[in-house]
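Data first, discussion second: the structure below is written as structure tokens.
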Amino acid sequence: MKCYYHESKDAVGTCKDCGKSLCKTCVDKYESGLCEACEKKRKEKIQKELDIKKENLKKNAKSVKNDTIKDLVIAAVLSLICGIFGFAIGGFQGLLMTIGFPWGWKFINQIMTGNFMSWLIILTEKFWLVAYIIKFGLALIIGAFTWPFIIGYKIYLFVKANNFEKETKNM
Ligand SMILES: [Zn+2]
Ligand SMILES: [Zn+2]
């Protein structure tokens with residue numbers, strides 16, 4: 001048997017992927033022990049998989065950015081409405097108390113799906129008005145204290161996704 005690539009040399013092995021006979025030089029050429037064509041094919045396949053992975057990460061970063069902007073815009077509009085309402089009732093203090101209400105409401109809706117707040121779901125089914133008053137009060141309190149942190153966190157997520165997008169742009 002002669003080497004597929006070098007007709008004058010004796011074959012000492014075969015390519016693991018295609019089975020072509022290979023001489024000592026060819027067998028030692030790549031760590032994988034594959035022939036030149038198969039080595040190239042395998043590398044291309046790995047590269048393709050990496051490209052797909054990168055593309056998905058980029059898509060993910062983009063959707064994080066879009067979602068964050070959407071969240072911030074909606075919350076800003078709602079906060080403005082609540083803030084104006086609060087200001088009309090209690091001046092600047094009223095504004096401070098109501099401005100975070102949309103964030104608080106959203107936060108409660110999010111944790112209500114977990115076991116922690118299941119009592120509120122049960123209460124809503126039996127005494128919906130009482131449940132809504134409690135929810136309303138909790139949203140006011142939670143919102144008033146947490147909204148700057150939530151907005152900060154959203155901005156952080158946005159910046160992180162944006163940086164990732166920039167970093168991977170030319171890759
Ligand atoms: Zn091969
Ligand atoms: Zn050879």
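Atoms within a ligand are numbered from 1 in the order they appear, just like the ligands themselves. Heavy atoms only: backbone and side chains are in, while hydrogens, waters and symmetry mates are out. Residues: numbered from 1 along the sequence shown.
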**Prompt:** Salt bridge check: are Glu165 and Lys62 linked by an N-O gap of less than 4.0 Å?
**Reply:**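 Looking at Lys62 together with Glu165, the answer is no, because their closest N to O distance does not fall below 4.0 Å.
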
Note to self: Assess whether a salt bridge exists between Asp71 and Lys106, defined as any Lys/Arg side-chain N lying under 4.0 Å from an Asp/Glu carboxylate O.
What the structure shows: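 So Asp71 pairs with Lys106 through a salt bridge.
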
For the Zn ion (ligand 1), every protein N/O/S atom that sits closer than 2.8 Å, waters excluded: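 Under 2.8 Å from the Zn ion (ligand 1) - ignoring waters, which are not counted - the protein N, O or S atoms are Cys15 SG, Cys18 SG, Cys35 SG, Cys38 SG.
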
Next on the checklist: For the metal site, I want the angle between atom ND1 of His6 and atom SG of Cys23 with the Zn ion (ligand 2) at the apex, to 10°.
Outcome noted: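 It rounds to 110°.
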
- Query: Is there a donor-acceptor contact under 3.5 Å from the side chain of Ser79 to the main chain of Ile99?
  - Reply: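 Yes; judged by distance alone, with no hydrogens or angles, the pair exists.
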
Does one side chain, of Glu167 or Asn163, offer a donor that lies under 3.5 Å from an acceptor on the other?
->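 Judged by distance alone, the side chains do not pair up.
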
Open item on the list: Can you tell me how the ring of Trp105 sits relative to the ring of Phe136, calling it parallel under 30°, perpendicular over 60° and tilted otherwise?
Closed with: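 Perpendicular.
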
Evaluate the side-chain proximity of Ile141 to Met97: yes if any heavy-atom separation is below 4.5 Å, no if none is.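 No - every pair of side-chain heavy atoms lies 4.5 Å or more apart.
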
